[in-house]
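Note sheet for the following structure.
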Amino acid sequence: EFRRFSLERSKPGKFEEFYGLLQHVHKIPNVDVLVGYTDIHGDLLPINNDDNYHKAVSTANPLLRIFIQRKEDADYSAFGTDTMTRKKNVLSNVLRPDNHKKKPHIVISMPQDFRPVSSIIDVDILPETHRRVRLYKYGTDKPLGFYIRDGSSVRVTPHGLEKVPGIFISRLVPGGLAQSTGLLAVNDEVLEVNGIEVSGKSLDQVTDMMIANSRNLIITVRPANQRNNVVRNSRTSGSSSQSTESSLPSSTPNIIANFLQGEEESDEEDIIIEESGEPQQIPKAAPTSGSLESLTQIELHESAQNGFLPSSEMNLNHSAGSINMEYEVQDPDHKSLEEDGTIITL
Amino acid sequence: FPLCQTVEHGFPHQPSALGYSPFLRLMAIGTRSGAIKLYGAPGVEFMGLHEENNTVMQIHFIPDQCQLLTLLDDNSLHLWTLKQHSGASELQEEHRFTLKGPPGSPPSAMQITAVLPHSSREVLYLGTESGNIFVVELPTFTVLEDRTITSEAVMQRVPEDYCNRRSCEFVEALREHPKNPDQILIGYSRGFIALWDLQNSKVTHQFLGSQQLENLYWQRDGSKFISCHYDGSYTQWPVSSDNRQPEPLQNSVPYGPFPCKAISKIYWQTTKNGVPYIIFQGGMPRASYGDRHSISVVHGSQQTAFDFTSRVIDFFIIFSSEPTAEFDDPSAMVVLAEEELVVIDLKTAGWPAVHPPYLASLHCSAITCSHHVSNIPLKLWERIISAGSKQNIHYSNMPWPIDGGTNIAPDPPQRDLLLTGHEDGTVRFWDASGVCLHLLYKLSTVRVFLTDADPNDNMNTLGEDEWPPLRKVGTFDPYSDDPRLGIQKIYLCKYSGYLAVAGTAGQVLVMELNDEDAEHVVDHAEADLLQDQEGYRWKGHEKLKARDGPVRFEAGFQPFVLVQCQPPAVVTSLALHSEWKLVAFGTSHGFGLFDHQQKRLVFVKCTLHPSDQLALEGPLSRVKSLKKSLRQSFRRIRRSRVSGRKRRGGSGNASEVQEVNARFDQDALQEMELAPVQRKIEARSAEDSFTGFVRTLYFADTFLRDSSRHCPSLWAGTNGGTVYAFCLRVPPAERRMDEPVRAEQAKEIQLMHRAPVVGILVLDGRSTPLPEPLEVAHDLSKSPDMQGSHQLLVVSEEQFKVFTLPKVSSKLKLKLTALEGCRVRKVTVANFGSCKTDDYSENDLAVLTNLGDIQIISLPFLKLQIRYPCIRKEDVSGIASCVFTKYGQGFYLISPSEFERFSLSTKWLVEPRCVVDMPEVTSNNHVRKSGVESAARKSRSLGDSGEDERKSGRLMEHALLNDETVLKEIQSTLEGCR
């Protein structure tokens with residue numbers, strides 16, 4: 001069934017109201033449905049809360065195409081961001097789900113039922129050999145669950161191969177956050193903690209930094225296993241200029257920390273219990289001129305960026321051009337060097 | 001904020017050599033780490049450091065010059081000069097020289113064993129292990145090879161049978177004739193002594209000693225000399241023109257007839273009345289007193305063997321150095337023992353000790369905490385001094401005999417006290433105003449308690465007929481009767497004279513200054529910090545038993561109330577408010593508030609997390625033993641370092657030995673590196689151990705509930721990042737005794753990062769820290785601004801946070817750990833004045849981090865002003881011992897016995913500034929050498945132990961420092977202790 005109706009773009013209202021409206025216009029008041037829409041790229045995206053509803057309305061051009069499926073026979077695989085190639089088939093996918101009968105049907109609930117535990121961030125600005133992982137400790141009882149150790153890694157520098165001390169993940173606790181994410185592994189070299197480089201810092205210093213940031217820990221690692229790296233479409237891989245690993249300490253600051261936002265800073269959650277009262281969060285006082293100046297480097301970044309860079313294309317070019325940090329795993333000699341973290345370390 | 005490390009207070013760690021110049025009246029002390037320190041009149045101090053960290057073996061002043069020579073254990077000689085530079089003297093290394101033999105000769109042949117700077121100041125005579133004496137020209141250090149005195153030349157005319165037995169011996173002592181500079185006395189180790197004529201290059205007299213020689217000493221007139229020997233005997237030899245092969249005049253074994261230890265150094269001092277002073281080191285009967293470190297003084301029928309508590313490094317006698325004087329007339333004996341300096345007055349009957357104005361043994365019992373109070377009011381200062389002077393009656397009144405140089409530093413700007421708490425339950429009050437850290441008064445808390453040690457057991461009361469006539473001297477006594485007596489926290493109110501001290505077994509004593517002796521009962525109260533918790537059992541040490549009934553206290557600080565925490569865990573924080581007459585104390589279980597006016601406990605608060613079992617098991621005992629073993633292992637290392645530097649035997653190849661050592665070290669190091677070192681990364685949680693440990697307590701008069709009324713308040717911060725605030729109601733002065741003090745919990749702040757809270761501070765409406773109690777009443781501070789809004793600063797190990805008051809909202813923060821990976825160890829508000837304008841000053845936070853960095857952070861905006869590396873980050877005890885003053889100076893221990901003083905302020909800078917002028921040189925002035933070298937060398941070889949021990953000690957150190965849990969434990973103990 002198709003329906004067409006208009007909405008006030010400036011006042012879209014709440015998702016609940018919209019959902020009710022849909023049920024009303026389709027005269028299906030007691031049927032649970034999944035609501036989706038196609039965004040500008042043609043991807044089928046879900047509408048299930050106020051945020052993505054508002055986002056959907058804002059993308060209407062001027063038409064917003066909405067798909068409604070009954071929840072019990074919905075095809076979840078139709079949703080996704082990588083539907084570029086299937087652009088034209090969005091509708092057919094929805095209408096004829098038997099196209100995908102061959103694939104095993106995995107039931108994954110909608111994002112609203114999830115709480116993030118980890119994410120890979122800044123993929124667009126980091127070299128492919130590096131991975132920036134964010135662990136969301138707050139709200140979970142799971143321990144972070146990993147150990148770090150001293151070690152040494154071999155770097156290619158202008159003066160030739162050089163053995164430099166480094167910090168490595170030495171152990172993952174089974175069932176811990178770090179292990180359950182699958183994003184960190186034993187012998188991964190730790191390069192940064194919440195945007196601060198660890199080179200030149202002792203194991204104890206890095207330990208203290210990680211613990212101090214434990215409620216919102218962002219670690220940049222060079223994975224010991226380089227086979228699962230994200231391969232970007234936008235660049236031609238294998239070009240010789242990118243084949244040397246030259247992770248000089250000075251080169252990493254070029255990478256602008258680009259942390260996802262949206263969550264309040266965790267350590268603002270200090271709790272106050274006034275006499276015989278209930279615990280409550282301590283509010284932030286109106287900022288004064290002094291406070292702004294004292295804000296740390298990260299906080300400044302946070303306030304300046306809203307999670308996505310304005311133009312990811314531009315940044316990709318930037319990283320491809322100026323940061324030659326790529327490393328070719330195929331070369332067996334280089335490979336042994338790369339794994340020095342494991343082998344050479346005493 | 002320039003960081004200057006200005007002066008080292010206390011006693012040099014591991015002294016190894018002593019020298020004295022009667023001409024300059026300066027004393028020099030060398031250490032095993034290659035430092036050399038000169039001391040003269042109080043305030044006259046110089047320090048130099050050899051480039052190589054080698055042990056200083058011998059120190060010799062060049063006669064009648066502002067110069068001295070040091071011999072290191074790598075066989076290098078160093079010439080130091082006191083030079084005047086912009087009005088003040090400075091010690092500079094001028095020249096270094098290593099005696100080199102002809103190619104192919106064994107290096108041991110060139111090993112210097114005796115040094116004689118000739119009174120002509122032109123040449124040095126260097127006795128070696130080969131028995132040859134080399135002549136070196138000064139100041140160029142050119143070897144005059146044609147003037148070398150070979151052992152063959154000296155032994156030419158020695159009788160055949162004597163000579164055969166005594167080949168291959170080395171030069172033990174070289175002494176210039178006191179009257180005739182052309183003659184030198186040469187003593188060889190196997191006992192042969194010869195008088196050598198420099199002009200004619202021949203032996204004029206030879207003395208056939210039969211015992212192994214230790215040292216030689218000329219009598220003043222040059223007619224006789226004394227030799228002392230390995231078997232504990234000494235021999236007097238005549239020197240006359242007619243007798244070329246004299247027989248000994250007198251041979252005596254003072255502590256015979258049983259075998260005795262060596263006499264390593266001897267003095268024979270003449271007096272007007274004809275009865276000489278014979279002063280010698282060692283010589284005790286081997287079997288029964290062989291372990292004593294003694295120096296005996298014999299004067300006619302009087303004889304005393306001064307018994308030192310640590311090894312004697314060396315000693316010298318101060319006597320009349322006037323060349324025209326007929327007699328020596330000794331006035332004082334200066335003894336450098338391994339752990340202290342002792343000076344004995346030889347002019348006063350009974351030979352009392354002289355109270356040294358510097359070089360105090362800070363560690364006579366191990367320092368457990370320190371507390372600094374700036375700008376002491378004169379009244380209190382005088383009362384403390386008078387209390388102290390009553391304790392010092394057994395000291396001699398003699399003015400300090402080492403009085404060379406002139407102190408030209410300006411008088412200290414204010415009177416500062418440094419209080420150190422010690423393991424044996426004492427608190428020592430030091431005058432920390434100037435360059436000389438001087439003991440003013442010593443307070444003991446032991447009397448309050450019943451301990452095993454009987455105070456009447458006096459070591460000095462030995463019967464008349466005791467032999468040898470031993471007399472204990474010195475204050476160094478590292479053995480504590482009971483570790484529970486240890487002092488952990490000190491708080492002195494300089495205006496009221498109230499003092500609170502707290503100790504290892506949960507004891508809190510409040511004291512008052514009394515100028516008279518008094519006998520009174522100490523009131524006793526218990527604070528059960530586990531009140532509302534059930535099912536816990538304390539497994540740590542028991543509390544100390546307090547003495548019942550009245551106790552006699554000497555003049556000074558006298559305790560009037562004892563608050564005993566239950567369980568008797570170590571007191572971890574202490575605060576005293578002398579205006580409100582309240583004392584607050586905290587342990588790992590909670591904190592309490594005591595009204596010392598009404599002698600009533602106001603409240604207790606348990607901070608223990610229900611799941612924290614570890615806090616109850618008395619971690620202290622466990623950690624204590626660990627600390628002990630650590631200390632032992634360090635001691636082992638120290639000892640083995642000595643053995644590494646012991647005198648090399650004639651056959652041993654020094655460089656080879658060193659090479660082997662180095663290889664071994666490297667192997668050991670590699671082994672250590674293989675040990676896996678890993679650190680757990682985990683967020684802090686409420687269930688962690690020791691979250692209830694109370695780290696800081698703070699009294700403030702501020703707005704806690706609403707912005708219209710301010711009231712007294714008590715703040716407490718714990719290891720788990722919790723801040724408690726209690727509103728107090730203190731009755732007005734006129735009803736102070738009638739109405740009880742009341743307290744009510746007003747706020748509880750939980751920092752989400754849960755790092756230990758190490759400091760709490762309230763800033764007034766002008767963002768100035770609130771003044772100390774009674775400061776305003778004494779007109780020494782502006783009264784705080786109670787109009788504007790107050791702010792609360794909470795310093796955790798990881799962050800600085802400012803909150804508004806009375807409604808707590810976060811205003812500002814500075815993250816330290818997240819950005820730099822360092823944590824706050826010590827934090828104090830310091831006032832920084834300008835050296836240019838008197839009316840400008842500002843308050844900042846002085847912070848010491850666990851990496852040993854010092855940072856200055858501005859108030860109230862929390863901006864990092866400056867950062868300096870100050871203490872090595874491996875120096876855990878140095879960092880733990882650091883104490884800041886209120887005016888931007890600070891102290892930390894660089895060894896168990898030395899405080900390094902530093903300053904961050906341009907205005908308050910205490911550093912030595914002094915001049916040494918050359919006294920007029922009278923012609924024909926032959927100042928006798930004090931004969932230092934041999935004794936120093938001899939005594940050093942006593943403490944030898946095996947090489948293996950050194951290695952294992954080193955391994956142990958490494959293993960301990962690599963273990964995370966052990967490190968944490970050490971850290972927490974140290975924090976707890978200091």
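Below, chains carry the letters A, B, ... as their sequence lines are ordered, and counting in each starts from 1.
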Q | A:I271 side chain near B:I749 side chain, heavy-atom distance below 4.5 Å | A | no

Q. Which heavy atom in B:N850 sits nearest to a heavy atom in A:D208, and how many Å separate them?
A. ND2-OD2, 3.5 Å

**Q.** chain A contact via B:T817 - side chain, backbone, both or neither, heavy atoms under 4.5 Å
**A.** both

Q) Which distance, rounded to the nearest 0.5 Å, do you find between the CD of A:Q281 and the OG of B:S810? A) 10.0 Å

**Q.** Atom pair CD1 (B:I681) and CG (A:N213), whose distance is rounded to the nearest 0.5 Å
**A.** 10.5 Å

Q. So how far is it from A:R171 CZ to B:K680 NZ, rounded to the nearest 0.5 Å?
A. 8.0 Å

Q. What part of B:L851 lies closer than 4.5 angstrom to a heavy atom of chain A: side chain, backbone, both or neither?
A. side chain

Q.
List the residues meeting side-chain hydrogen bond (donor to acceptor under 3.5 Å, both in side chains) with A:Q179, not counting sequence neighbours, and say none if there are none.
A. none

Q. Side chains of B:R679 and A:R149: closer than 4.5 Å at any heavy-atom pair?
A. no

**Q.** Minimum-distance pair of heavy atoms, taken over all atoms of A:S170 and B:Q678
**A.** OG-OE1, 2.5 Å

Q | Expected output: side-chain B:E682 to main-chain A:L144 donor-acceptor under 3.5 Å | A | yes

(Q) Quick check on B:A818 against chain A: is it the side chain, the backbone, both or neither that has a heavy atom closer than 4.5 Å? (A) both

Q. Looking only at heavy atoms, which two atoms of B:K807 and A:P283 are closest? And how far apart?
A. NZ-CG, 4.0 Å

Q: Show the numbers, then the answer: is there a salt bridge (charged side-chain N to carboxylate O under 4.0 Å, His left out) between B:K873 and A:D204?
A: CA-CA 11 Å; B:K873 72 172 177 227; A:D204 287 328; over 6 Å; no

Q. Sub-3.5 Å donor-acceptor pair from the side chain of A:Q205 to the main-chain atoms of B:E820, do we have one?
A. yes

Q: Could you tell me whether the side chain of A:I282 reaches within less than 4.5 Å of the side chain of B:F803, counting heavy atoms only?
A: yes

Q. Taking the side chain from B:E748 and the backbone from A:I272, do they hold a donor-acceptor pair closer than 3.5 Å?
A. no

Q) Can you check side chain to side chain contact (heavy atoms under 4.5 Å, CB included) on B:E798 and A:I211, steps first, answer last? A) CA-CA 10 Å; B:E798 294 183 351; A:I211 290 174; 4.2 Å; yes

